[in-house]
Amino acid sequence: MDLYNREIISFKVAKRPHLQLVLEPLDEALTTIRKHAPYRTTLHSDQGWHYQHNSWVKTLKKHSVFQSMSRKGNCLDNSPMENFFGLLKQEMYHGEEQVAYATLKKRIGHYIHYYNTKRIKIKLSGLSPVNYRKQDTQCVA
């Protein structure tokens, strides 16, 4: 999530945790960030094993991305993502019957597309995250 406009930059869904689960979306995010963010980038995560893995740390350093991790029990830094997960569950999952993994994965992808491109936010002047970013880049250009 880009904290500038709360846009989900990249994501991946898997049945089990593995290193590629974080490295593939990281590569995608770095490509996207370089297009839109000429300023210093900080990437915040929790202290999961994959965020401490040598491959993750080296990739961040290679792209001059500052790594930030919360101390154990400090959820404030994670609150924007926790809020997003709450919205995702509330708006697309609660009250729905369980579905197959492939269906759930597809629905999450559709929800993130909706969240980024259509779901408006008062804090973003009534625009979706993508439209807010586009409006801002038009003003700067």
Side-chain angles (χ1 to χ4, degrees), residues 1-96 98-141:
M1 175 183 283
D2 186 336
L3 293 183
Y4 166 72
N5 64 344
R6 302 294 200 254
E7 180 178 356
I8 302 301
I9 300 297
S10 67
F11 74 99
K12 185 169 177 99
V13 178
K15 289 184 178 183
R16 61 180 181 80
H18 52 84
L19 190 56
Q20 289 308 317
L21 179 65
V22 297
L23 292 179
E24 289 173 10
L26 176 60
D27 288 338
E28 184 181 328
L30 291 170
T31 300
T32 302
I33 288 167
R34 293 296 165 233
K35 290 179 190 173
H36 301 292
Y39 44 84
R40 186 186 106 162
T41 301
T42 299
L43 195 146
H44 179 77
S45 69
D46 61 25
Q47 292 186 14
W49 66 268
H50 34 280
Y51 303 122
Q52 297 179 40
H53 194 279
N54 196 32
S55 297
W56 175 270
V57 174
K58 280 185 176 182
T59 300
L60 294 179
K61 284 182 181 177
K62 176 182 170 186
H63 293 276
S64 302
V65 174
F66 179 75
Q67 183 176 18
S68 167
M69 283 191 209
S70 293
R71 295 181 318 274
K72 287 184 180 179
N74 183 359
C75 61
L76 295 178
D77 291 337
N78 287 332
S79 63
M81 278 310 301
E82 294 297 332
N83 179 266
F84 170 77
F85 289 137
L87 287 172
L88 181 140
K89 288 187 267 185
Q90 180 181 359
E91 294 181 357
M92 68 149 286
Y93 182 73
H94 287 304
E96 297 290 325
Q98 290 185 353
V99 296
Y101 170 75
T103 303
L104 178 63
K105 188 175 176 177
K106 185 184 255 187
R107 286 183 184 176
I108 290 171
H110 288 301
Y111 179 81
I112 290 174
H113 177 75
Y114 158 77
Y115 176 88
N116 280 342
T117 61
K118 302 229 180 338
R119 189 179 189 281
I120 63 170
K121 295 177 160 286
I122 299 299
K123 290 181 181 180
L124 299 178
S125 302
L127 298 171
S128 71
V130 168
N131 287 335
Y132 187 79
R133 175 179 38 83
K134 286 179 179 178
Q135 170 200 345
D136 186 54
T137 57
Q138 290 172 356
C139 293
V140 175

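Since the structure is predicted, the reported quantities are computational estimates derived from the model, not experimental observations.
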NE2 of His63 to CG of Leu43, rounded to nearest 0.5 Å, is 11.5 Å
With sequence neighbours left out, the residues meeting side-chain contact (heavy atoms from CB on, under 4.5 Å) with Asp46 are Tyr51, Asn78
Here the pair of heavy atoms bringing Glu96 nearest to Met92 is CG-O, 3.7 Å
May I ask you to check whether over 12 heavy atoms, not counting those of Ile122, lie within 6.0 Å of atom CD1? no
Residue set satisfying side-chain hydrogen bond (donor to acceptor under 3.5 Å, both in side chains) with Ser128, at least two apart, ordered chain then number -> Asn131
Show me, pair by pair, the donor-acceptor contacts under 3.5 angstrom made by side chains of residues 7-17, not counting sequence neighbours?
{"from": "Glu7", "atom 1": "OE1", "to": "Asn5", "atom 2": "ND2", "distance (Å)": "3.1"}
{"from": "Glu7", "atom 1": "OE1", "to": "Arg133", "atom 2": "NE", "distance (Å)": "2.9"}
{"from": "Glu7", "atom 1": "OE1", "to": "Arg133", "atom 2": "NH2", "distance (Å)": "3.4"}
{"from": "Glu7", "atom 1": "OE2", "to": "Arg133", "atom 2": "NH2", "distance (Å)": "3.1"}
{"from": "Ser10", "atom 1": "OG", "to": "Pro25", "atom 2": "O", "distance (Å)": "2.7"}
{"from": "Lys12", "atom 1": "NZ", "to": "Glu24", "atom 2": "OE1", "distance (Å)": "2.5"}

In this structure, CG of Leu104 is separated from NZ of Lys106 (nearest 0.5 Å) by 12.5 Å
Problem - Test item: Gln135 and Leu127 side chains (from C-beta on) under 4.5 Å apart, heavy atoms - result: yes
dist Phe84:CZ -> Leu87:CG (nearest 0.5 Å) comes out at 7.5 Å
One should read off an interatomic distance between Tyr93 OH and Gln98 CD, to the nearest 0.5 angstrom, of 5.5 Å
Please set out all donor-acceptor pairs under 3.5 angstrom arising from side-chain atoms of residues 52-61, sequence neighbours excluded.
{"from": "Gln52", "atom 1": "NE2", "to": "Gln47", "atom 2": "O", "distance (Å)": "2.6"}
{"from": "His53", "atom 1": "ND1", "to": "Ser55", "atom 2": "N", "distance (Å)": "3.0"}
{"from": "His53", "atom 1": "ND1", "to": "Ser55", "atom 2": "OG", "distance (Å)": "3.4"}
{"from": "Thr59", "atom 1": "OG1", "to": "Ser55", "atom 2": "O", "distance (Å)": "2.7"}

Taken in chain and number order and not counting sequence neighbours, the residues that satisfy side-chain hydrogen bond (donor to acceptor under 3.5 Å, both in side chains) with Arg107 are none
One should read off an interatomic distance between His18 NE2 and His50 NE2, to the nearest 0.5 angstrom, of 10.5 Å
Residues at least two apart in sequence or cross-chain that pass ring pair (Phe, Tyr, Trp, His ring centres under 6.0 Å) with Tyr114, listed by chain then number, are Tyr111
Contacts of Ser64 meeting side-chain contact (heavy atoms from CB on, under 4.5 Å) (sequence neighbours excluded), chain-then-number -> none
Rounding to 0.5 Å, atoms NE2 (His110) and CD1 (Ile112) come to a distance of 11.5 Å
When every non-hydrogen atom of Met69 is compared with those of Gln67, the smallest separation belongs to CE-NE2, 3.1 Å
Sorted by chain and residue number, the side-chain contact (heavy atoms from CB on, under 4.5 Å) partners of Lys121 (sequence neighbours excluded) come out as Arg6, Tyr115, Arg119, Leu124, Pro129
